[in-house]
Amino acid sequence: MLCTESKRGYLLEHGPASFPGHRLGLMKLCEQLKLTPELLSTSQTRLKRYMLHDGILHLIPGTLGSALLSPMYGMGSAYRLISERFRFASRNTLDESVFQFAERRVGRELGQIIADAVTTEQYAGDARAISIKAGFAQAARAEREYGSVYRGLTKLRLAERNAARQAGIKLADNVTTHYSFTEGMRTLVDKLDGQLKQPAELGVGVKSIARTTDETVGPWQVYCSDGSTRPADMVVLACPVHKQTAIVADLDSELADCLMTIPMAGIVSISLAYAKEHVPELSDCQSILLPQRFKRDILKIEFSSSMFPGRAPEGKVLMQVTMGGWFRREMLSWDDDALILTARRELRNLLHIIKPPNFCQLQRWPRAIPQYTLGHTQRVSQMETFLKKHPGLYLGGNAYHGVSLHDVATHAERIARQIRDECRVK
């Protein structure tokens with residue numbers, strides 16, 4: 001899903017356009033791959049992020065002090081926010097939704113704003129359905145271990161920074177700082193591919209897998225779309241979860257049924273390029289978030305040309321518009337022209353962009369983001385129990401322990417270590 005394309009002097013990202021610089025997972029991988037000289041940081045430009053609230057674009061607070069002065073909520077919510085660090089943690093062991101968790105910590109008014117914003121940005125999902133324990137594990141852990149989300153997150157980030165320092169890795173100072181690469185996010189995939197002792201074989205799909213007792217060919221047989229059958233010592237499925245379901249269906253119907261319980265949200269990503277004089281407002285900001293409760297046709301706008309240099313020619317603006325999501329699933333079935341016209345209408349209403357774009361390019365992701373709904377951790381635990389019946393089979397990707405690139409990289413490293421340890425035992 002890391003898709004970088006060069007077109008007419010623009011560098012387009014059809015999938016994720018950046019990753020957080022204050023987390024260790026991907027920064028550690030970049031260090032191992034010697035990619036740190038190619039990193040680009042949003043902190044170089046001190047960009048601002050905005051969010052729609054009651055029809056007005058407001059600056060997203062970057063500090064507790066600015067949050068207390070935000071016009072998006074009243075004095076009561078400000079008091080709840082500043083007193084959060086002194087509030088006791090809940091002893092309730094049941095899973096909570098993101099909205100329930102936020103409401104309990106900072107009150108209904110502010111809780112709705114925060115819950116809707118974070119679930120829109122991370123999952124394009126429903127704040128009343130996404131599990132806080134699975135979907136935002138760090139926030140749940142912060143409260144559980146330190147009694148306060150604010151105090152706990154501060155300590156967890158400090159611990160992660162210390163771990164990075166011991167490993168000789170420098171993390172970003174600001175939690176809003178994001179990184180990409182000079183040649184785009186595809187750089188990460190290309191560099192990984194270049195490290196393989198044998199090149200990856202592309203263009204061959206996997207239909208199913210099966211155990212075999214024939215010791216001469218290995219414990220696993222992989223049945224491919226080109227009609228071939230290939231032996232394997234171990235199998236890692238890192239494709240989207242609905243494809244994993246199809247691959248393991250004949251091997252273990254219970255595991256497949258469990259995988260099918262993970263719902264997916266689809267999104268549409270549209271890259272639009274404009275002359276800078278045709279974008280009269282906020283062309284130099286980082287992003288604009290449109291929480292789903294306002295039922296707008298756009299979820300997010302990222303200004304790629306402002307975030308990183310080299311994304312657009314001089315005097316041009318490149319933006320990436322995200323549409324669809326859990327509440328607007330019907331948009332995935334709209335034709336390209338309807339989606340582009342809808343995106344342009346929203347840009348006209350929000351940013352007063354009247355002129356047509358120089359060009360636009362659309363990418364559909366029908367099943368992009370797994371939804372970590374209530375009970376997700378129990379379902380993942382059940383899947384891991386089923387997997388114990390199939391030694392040598394591993395499930396990776398974004399459906400289990402986090403949907404971000406950081407989470408996926410961390411999970412991938414854990415799987416790699418398990419495989420290494422198993423090989424050493426053998």
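In what follows, every heavy atom counts, from backbone to side chain, and hydrogens, waters and symmetry copies are set aside.
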### Side chain to side chain, Leu318 and Leu12, heavy atoms closer than 4.5 Å
yes

Contact list for [range], test ring pair (Phe, Tyr, Trp, His ring centres under 6.0 Å), sequence neighbours left out:
| range | result |
| --- | --- |
| residues 66-116 | none |
| residues 125-148 | Tyr123-Phe136 |
| residues 391-418 | His401-His411 |

Is the backbone of [Y] close enough, under 3.5 Å, to the side chain of [X] for a donor and an acceptor to pair up by distance?
| X | Y | answer |
| --- | --- | --- |
| Thr245 | Val241 | yes |
| Asp95 | Gly375 | yes |
| Ser381 | Thr377 | no |
| Glu302 | Lys300 | no |
| Arg230 | Trp220 | no |
| Ser287 | Arg49 | no |
| Ser306 | Ser283 | yes |
| Ser6 | Leu11 | no |
| Arg364 | Leu332 | yes |
| Arg379 | Thr373 | yes |

### Task
Could you give me the CA-CA distance, side-chain angles and deciding distance for Tyr274 and Ile353, then say whether side-chain contact (heavy atoms from CB on, under 4.5 Å) is met?
CA-CA 9 Å; Tyr274 291 92; Ile353 301 175; 3.4 Å; yes

Indicate yes or no: does [X] engage [Y] in a salt bridge with an N to O separation below 4.0 Å.
| X | Y | answer |
| --- | --- | --- |
| Lys388 | Glu384 | no |
| Glu31 | Lys170 | no |
| Glu145 | Lys155 | no |
| Arg23 | Glu160 | yes |
| Glu143 | Arg151 | no |

### Task
Under the side chain to side chain donor-acceptor pair (under 3.5 Å) rule, what do Ser404 and Asp407 come out as? Steps first, then yes or no, please.
CA-CA 5 Å; Ser404 71; Asp407 297 322; 2.8 Å; yes

### Message
Suppose the criterion is salt bridge (Lys or Arg N to Asp or Glu O under 4.0 Å): which pairs have a residue in residues 108-119, not counting sequence neighbours?
### Response
Glu103-Arg108, Asp116-Arg293

### Task
Would you list the pairs meeting salt bridge (Lys or Arg N to Asp or Glu O under 4.0 Å) in which at least one residue belongs to residues 269-292, sequence neighbours left out?
Lys276-Asp284

More than 12 heavy atoms of other residues, nucleotides or ligands under 6.0 Å from [atom1] of [X]: yes or no?
| X | atom1 | value |
| --- | --- | --- |
| Gln378 | CD | yes |
| Leu52 | CG | yes |
| Lys355 | NZ | no |
| Met260 | CE | no |

### Query
Step by step, would you call Gln286 with Lys48 a side chain to side chain donor-acceptor pair (under 3.5 Å)?
CA-CA 6 Å; Gln286 178 173 328; Lys48 297 178 179 179; over 6 Å; no

### Task
Take Glu422 and Arg420, measure what salt bridge (Lys or Arg N to Asp or Glu O under 4.0 Å) needs, and give me the verdict at the end.
CA-CA 5 Å; Glu422 188 171 334; Arg420 181 199 62 188; over 6 Å; no

#### Entry: Derivation of the side chain to side chain donor-acceptor pair (under 3.5 Å) call for His390 and Asp252
CA-CA 9 Å; His390 310 290; Asp252 189 328; 2.8 Å; yes

### Summary
Closest non-hydrogen atoms of Pro16 and Leu405, given as atom of the first, atom of the second and distance, are CB-CD1, 3.9 Å

### Query
Where is the tightest heavy-atom contact between Ser41 and Thr177, given as atom of each residue plus distance?
OG-CG2, 3.2 Å

### Task
Taking side-chain hydrogen bond (donor to acceptor under 3.5 Å, both in side chains) as the test, write out the residues that go with Glu84, two or more places apart.
Arg105, Ser148

### Message
Over 60° means perpendicular and under 30° means parallel, so tell me whether Tyr10 and Phe359 are parallel, tilted or perpendicular.
### Response
perpendicular

### Query
Rounded to the nearest 0.5 Å, how far does CD1 of Ile267 lie from CG of Leu299?
8.0 Å

### Query
Looking at OG of Ser77 and CD of Gln112, how far apart are the two atoms once the value is rounded to the nearest 0.5 Å?
10.5 Å

### Task
For the pair Glu38 and Lys191, evaluate salt bridge (Lys or Arg N to Asp or Glu O under 4.0 Å) and give the outcome as yes or no after the intermediate values.
CA-CA 11 Å; Glu38 298 185 45; Lys191 189 69 172 180; 5.7 Å; no

### Task
Please determine if Arg329 forms a cation-pi arrangement with Trp326, meaning its NZ or CZ atom is less than 6.0 Å from the six-membered ring centre and no more than 45° off the ring axis.
yes

### CA sep, side-chain torsions, deciding dist, call: Gln320, Ser269, side chain to side chain donor-acceptor pair (under 3.5 Å)
CA-CA 7 Å; Gln320 185 178 11; Ser269 175; 2.9 Å; yes

### Message
Under a plain distance cut-off of 3.5 Å, with no hydrogens placed, do Arg414 and Thr410 share a side-chain donor-acceptor pair?
### Response
no

### Task
Could you walk me through whether Glu5 and Arg186 pass salt bridge (Lys or Arg N to Asp or Glu O under 4.0 Å), step by step?
CA-CA 9 Å; Glu5 179 186 0; Arg186 179 72 192 184; over 6 Å; no

